K.L.:
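The structure that follows is given in the form of structure tokens.
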Amino acid sequence: MAEKMQLNEVEVWDGNYAAAQALRQAQVDVVAAYPITPSTPIVETYGAFVANGYIDGEYVMVESEHGAMSTCVGAAAAGGRVATATSSQGYMLMVEVLYQASGMRLPIVLNVVNRALASPLNVRGDHGDMYLGRDSGWVQLDAFNAQEAYDLNLCAFKIGEDINVRLPVMVHQDGFVTSHTAQNIHPLSDDEAYAFVGDYKPVEEMLDFSKPVTYGAQTEEDWHYEHKAKQHRALMDSYTVIDRVFDEFEKKTGRKYKRLETYMMEDAEVAILALGSTVETSILAAKQLREEEGIKAGVVAPRCIRPFPFEELRESLAGLKCVAALDRSCPMGAMGALYNETCGALATIPADQRPMVTNFIYGLGGRDFSVEEAKRIFREQKANADVGYITTPVQQFSGLRGPKLGFYEMKRS
Amino acid sequence: MVGWDEVTHGVVLNSFEQEVENVAHIRPEERPYSDFSSYTATVASWRVIKPVYNRDICIDCQNCWVWCPDTSIISRDKQMLGIDYDHCKGCGVCVEVCPTNPKSLLMFAEAEDLESALSQWPEKKKKEKK
């Protein structure tokens with residue numbers, strides 16, 4: 001039996017340490033490690049836990065991130081509880097295997113500490129990698145701070161391993177801003193955490209010799225389509241399990257998570273839609289604007305990037321005047337991904353109740369996103385709301401040096 | 001044909017129709033293989049030349065059984081019985097590793113019948129004096 005760790009009611013952990021602690025408490029059977037900045041401390045800390053007897057499982061050092069995810073797929077197919085962590089270029093190298101994991105319906109947990117994609121080479125945080133795996137068939141949860149990185153990791157195992165989901169789950173957190181900034185964390189005790197996550201009961205595991213199975217067979221046009229449809233359905237329907245797990249977590253800890261988080265949206269006129277640590281910055285800006293300038297500002301943040309909370313978005317944004325969808329990733333020749341998906345959700349609302357939506361690209365490669373900048377965005381939304389049309393380019397680059405950059409100027413006849 | 005809602009979870013294919021115990025102790029032909037098992041699919045058409053086995057020369061060393069990449073050598077109680085032509089792809093590894101003199105497995109044309117193949121079997125080679 002693994003040693004128990006005595007934790008205080010409040011611990012000072014950064015996002016990486018919090019994630020590693022959650023993996024330890026879930027007593028993962030196999031962690032494959034190929035460290036990459038800024039997610040390195042997750043597997044590093046986990047390795048130390050293994051070495052010090054806090055974990056019974058295996059710690060596999062591999063040759064690349066492709067090997068890391070392949071090891072995870074093998075170990076999960078064999079019937080183990082499996083996890084790993086990655087970022088940026090490593091995540092890119094994993095992408096090929098991410099599809100294998102979801103296609104084989106293996107409940108692996110992957111911590112993605114978000115970081116910019118090269119070139120130019122950059123270890124700082126943006127959401128380029130988060131958006132890269134959008135169609136890979138994984139459940140994607142987004143933590144806005146270190147406490148949430150810990151909480152969502154515990155939930156991730158429970159969601160992924162549910163018999164009605166059986167899908168791999170990613171937990172995102174912002175590189176450096178979340179992953180390397182220490183905060184007060186309220187952890188569960190080892191026993192409580194493990195009781196919440198529960199024992200892992202594999203289905204159709206390859207190490208069951210009485211019922212041998214083949215995984216990931218070739219299908220071609222005969223069956224590929226049907227298998228993908230079933231996978232899509234499973235991911236679309238997983239929201240019921242996600243809601244249930246979030247409810248159970250609230251009962252245990254008092255910390256409430258929703259697939260779409262909303263802040264001050266009850267009477268809001270304008271809103272920022274964002275992901276990651278930007279959400280807390282935007283909340284701060286909205287609070288200050290409400291006090292200082294009387295602008296009814298709100299913040300909306302998808303906790304669940306996949307399955308995407310279409311219905312909740314529609315409900316929370318209908319009747320609003322203006323929404324700014326913030327994308328921390330350069331979409332290259334299009335609007336940002338969050339903007340596009342939000343517009344997709346809003347397209348089903350009658351035109352007279354639909355808010356105007358603009359797109360802000362910001363914070364690429366770890367460029368700071370300040371409260372001042374969020375306020376500027378809110379004020380601009382307010383100005384648009386007052387005149388009733390979009391006065392600026394639909395997509396703007398916020399916090400960029402040099403002349404203003406914007407795309408798709410709205411022409412008014 | 002089944003619909004998308006009926007396909008297996010995660011493209012999983014079961015080797016057997018039901019659960020089995022001690023599968024290593026059940027003969028392949030007696031195992032309840034499912035239609036999705038490679039055992040039930042023949043790959044005989046891939047073969048252009050085939051190995052033929054000569055019982056008179058074989059010493060039951062099991063070398064061919066160990067080396068065959070397709071488990072196509074049929075062996076019972078350490079006695080060589082023949083070749084599973086449904087799964088043999090004609091790679092010739094068995095012939096290569098056969099240690100007898102002359103070899104007790106030889107490659108012949110696919111169309112060659114057993115009797116004519118056995119009648120052409122070579123004589124024992126004499127050791128060259130050094």
Side-chain angles (χ1 to χ4, degrees), chain A residues 72-74 76-79 82 97-108 136-138 160-168 201-238, chain B residues 1-47 62 65-78 84-91:
Chain A
C72 287
V73 166
V82 179
V97 197
L98 295 183
Y99 284 74
Q100 316 274 2
S102 60
M104 296 185 204
R105 308 283 297 272
L106 303 171
I108 299 163
S136 63
W138 287 54
E161 290 168 7
D162 189 281
I163 192 69
N164 296 313
V165 179
R166 301 298 299 187
L167 282 167
K201 294 180 194 70
V203 287
E204 292 178 320
E205 72 267 36
M206 288 180 95
L207 287 184
D208 178 1
F209 294 119
S210 64
K211 209 176 170 227
V213 290
T214 299
Y215 264 94
Q218 190 173 352
T219 58
E220 303 305 335
E221 73 275 28
D222 253 3
W223 290 112
H224 184 89
Y225 198 9
E226 280 72 23
H227 278 288
K228 285 295 164 190
K230 186 166 187 173
Q231 202 184 323
H232 182 44
R233 179 62 182 263
L235 191 48
M236 278 301 214
D237 287 351
S238 66
Chain B
M1 291 294 238
V2 299
W4 68 268
D5 52 331
E6 295 164 286
V7 295
T8 56
H9 209 73
V11 210
V12 160
L13 301 179
N14 289 293
S15 304
F16 301 124
E17 291 293 352
Q18 72 252 19
E19 286 195 22
V20 288
E21 274 178 41
N22 276 328
V23 70
H25 297 280
I26 309 172
R27 291 178 172 175
E29 61 271 26
E30 285 157 15
R31 294 174 195 162
Y33 281 113
S34 75
D35 288 346
F36 305 111
S37 163
S38 54
Y39 190 81
T40 48
T42 176
V43 287
S45 62
W46 298 19
R47 200 170 55 231
Q62 307 289 306
W65 180 80
V66 170
W67 281 91
C68 175
D70 290 307
T71 340
S72 293
I73 303 295
I74 305 166
S75 177
R76 290 277 179 275
D77 304 322
K78 295 185 183 171
D84 168 7
Y85 284 118
D86 279 345
H87 297 98
C88 169
K89 299 186 186 76
C91 68

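Remember, it's a predicted structure, so these values are computed and weren't measured experimentally. Per chain, numbering begins at 1; letters A, B, ... match sequence-line order.
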K.L.:
So for B:N14, is it side chain, backbone, both, or neither that comes closer than 4.5 Å to the heavy atoms of chain A?
P.N.:
both

K.L.:
Using atom types as modelled and distance alone, determine if a side-chain donor or acceptor of B:K89 lies under 3.5 Å from a backbone N or O of B:D70.
P.N.:
no

K.L.:
What heavy-atom pair brings A:L106 and A:Y215 nearest, and what distance separates the two atoms?
P.N.:
CD2-CE2, 3.9 Å

K.L.:
Measuring heavy-atom distances to chain B, does A:Q231 have an atom under 4.5 Å in its side chain, in its backbone, in both, or in neither?
P.N.:
neither

K.L.:
Counting heavy-atom pairs closer than 4.5 Å to chain B, which one of A:R233, A:M104, A:H227 comes out on top?
P.N.:
A:H227

K.L.:
Side chain, backbone, both or neither: which part of A:S102 has a heavy atom under 4.5 Å from chain B?
P.N.:
neither

K.L.:
Working to the nearest 0.5 angstrom, can you tell me the gap between B:D35 CG and B:L13 CG?
P.N.:
11.0 Å

K.L.:
Any idea how B:Y33 and B:F16 line up, ring-wise: parallel (<30°), tilted (30 to 60°), or perpendicular (>60°)?
P.N.:
tilted

K.L.:
Near B:Q18 CD, under 6.0 Å, is it more than 12 heavy atoms from other residues, nucleotides or ligands?
P.N.:
yes

K.L.:
By a 4.5 Å heavy-atom criterion (distance strictly below it), what part of B:T8 contacts chain A: side chain, backbone, both, or neither?
P.N.:
both

